[in-house]
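We name chains A, B, ... by the order of the sequence lines, and we start the count at 1 in each one. Being a predicted model, the structure only gives us computed values, none of them experimental.
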Amino acid sequence: MRLATWNVNSLRSRVDRVEAFVDRHEIDVLALQETKGRPDQLPLMGLEARGYEVAALGVNQWNGVAICSRVGLDDVQEGFTGMPGFGDPVAPESRALGAVCGGVRVWSLYVPNGRKVDDPHYVYKLEWLARLRQSAGSWLGEDAALVGDWNIAPLDTDVFDIKAFAKDTHVTPPERAAFNAFVEDGWSDVVRPHQPAHDTYTYWDYYRQRFERNRGMRIDFVLGSPSLARRVSGAFVDKDERDPAQGTGSPSDHAPVVVDLA
DNA sequence: ATGGTCGCGATGCGA
């Protein structure tokens, strides 16, 4: 079974790339983030014609997650217990979507960005992660994957220049502690062992030709439960999907992450 | 320290 996660930065503007991606790699389960549209706005016909069932959430301009599966889509869950809101009473639900696909519990996660370290959204991010961790504990015993855009770079080498991030979110000790708490619970990054240490990025900002200069960040992860991690036979980041010179139309600022399960 | 580029949806805002 082949599982992928991708912050697609608008499914409507990228559906051709998404369809070509699932065809090229024969993806069984695709978790999407930043779909940027209500489910009724999303162009899903092409995916459904390929045999995918789709569950989607999304209520405003940037939040929005989906799961596309051609190996079953059961027990769909919108959000998790205690998932905190941030003012907007409807936005929180669009950040997490769970389903059981081919026997694997998959969560498509769009962790709050946090904006600035002195911003209330930063506190919200940490609270959101703490609540997710509480719920995730009950999935550790099954084949489960917490996938998506975590908006955290756990290691200094996961950003192109750690000195440039001195005052920024994504690398602060509390965010890294929140990420590492999942690891300490038993969730593991199942992709990193399959990558060279110097080539781990999943995101390159649109500004200043960051992709062309390989000034990126590693913020998209597939965290597997112990039993799922034992099934992983391979993994890779499809950087071609971030390359403006490849494919049609403009790319997302994130590359998809692909994991193979035995 | 600033600004650079996207997507959305009609203007600035969030990433």
Using the 3.5 Å cut-off, write out each protein N or O paired with an N or O of nucleotides 12-15 of chain B and the distance between them.
unit_1	atom_1	unit_2	atom_2	d
B:dA15	OP2	A:Arg115	NE	3.0
B:dA15	N6	A:Tyr207	OH	2.8
B:dA15	N1	A:Tyr207	OH	3.0

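We find that CZ of A:Arg38 is positioned 13 Å from P of B:dC8, with the value rounded to whole Å. To the nearest angstrom, P of B:dC6 lies 16 Å from CH2 of A:Trp204. Regarding A:Asp168, its CG atom lies at a distance of 16 Å from the P atom of B:dG3, rounded to whole Å. Atom CZ of A:Arg210 is separated from atom P of B:dC6 by 13 Å (rounded to the nearest Å). As a whole-Å value, the separation of A:Glu241 CD from B:dC6 P is 17 Å. Between the NZ atom of A:Lys116 and the P atom of B:dA1 there is a distance of 11 Å, given to the nearest Å.
Under the 4.0 Å criterion applied to side-chain N and carboxylate O atoms, A:Arg192 and A:Asp158 are assigned as salt-bridge partners.
Considering only heavy atoms from C-beta on, A:Ile27 comes within 4.5 Å of A:Tyr52 through its side chain.
No donor-acceptor contact under 3.5 angstrom links the side chains of A:Asp16 and A:Thr248, judged on distance only. With no hydrogens or angles considered, a side-chain donor-acceptor pair links A:Asn9 and A:Lys36 at under 3.5 Å.
Residue A:Arg14 places no side-chain N or O under 4.0 Å from the OP1 or OP2 atom of B:dC6. In this structure, A:Ser13 does not reach the B:dC6 phosphate: none of its side-chain N or O atoms is under 4.0 Å from OP1 or OP2. Under 4.0 angstrom from either OP1 or OP2 of B:dC8 there lies at least one side-chain N or O belonging to A:Ser10.
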Going by atom type alone, with no hydrogens or angles, which donor-acceptor pairs under 3.5 Å involve a side-chain atom of residues 254-262 of chain A and a protein atom two or more places apart or on another chain?
unit_1	atom_1	unit_2	atom_2	d
A:His254	ND1	A:Asp220	OD1	3.3
A:His254	ND1	A:Asp220	OD2	2.8
A:His254	NE2	A:Asn7	ND2	3.4
A:Asp260	OD1	A:Arg2	NE	2.7
A:Asp260	OD2	A:Arg2	NH2	2.9

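Considering every non-hydrogen atom in both A:Pro112 and A:Tyr124, the closest pair reads CG-CE2, 3.6 Å.
If you take atom C1' in B:dG14 and the same atom in B:dA10, they sit 16 Å apart, rounded to whole Å. Comparing the P positions of B:dA1 and B:dC13 gives an interatomic distance of 22 Å, to the nearest angstrom.
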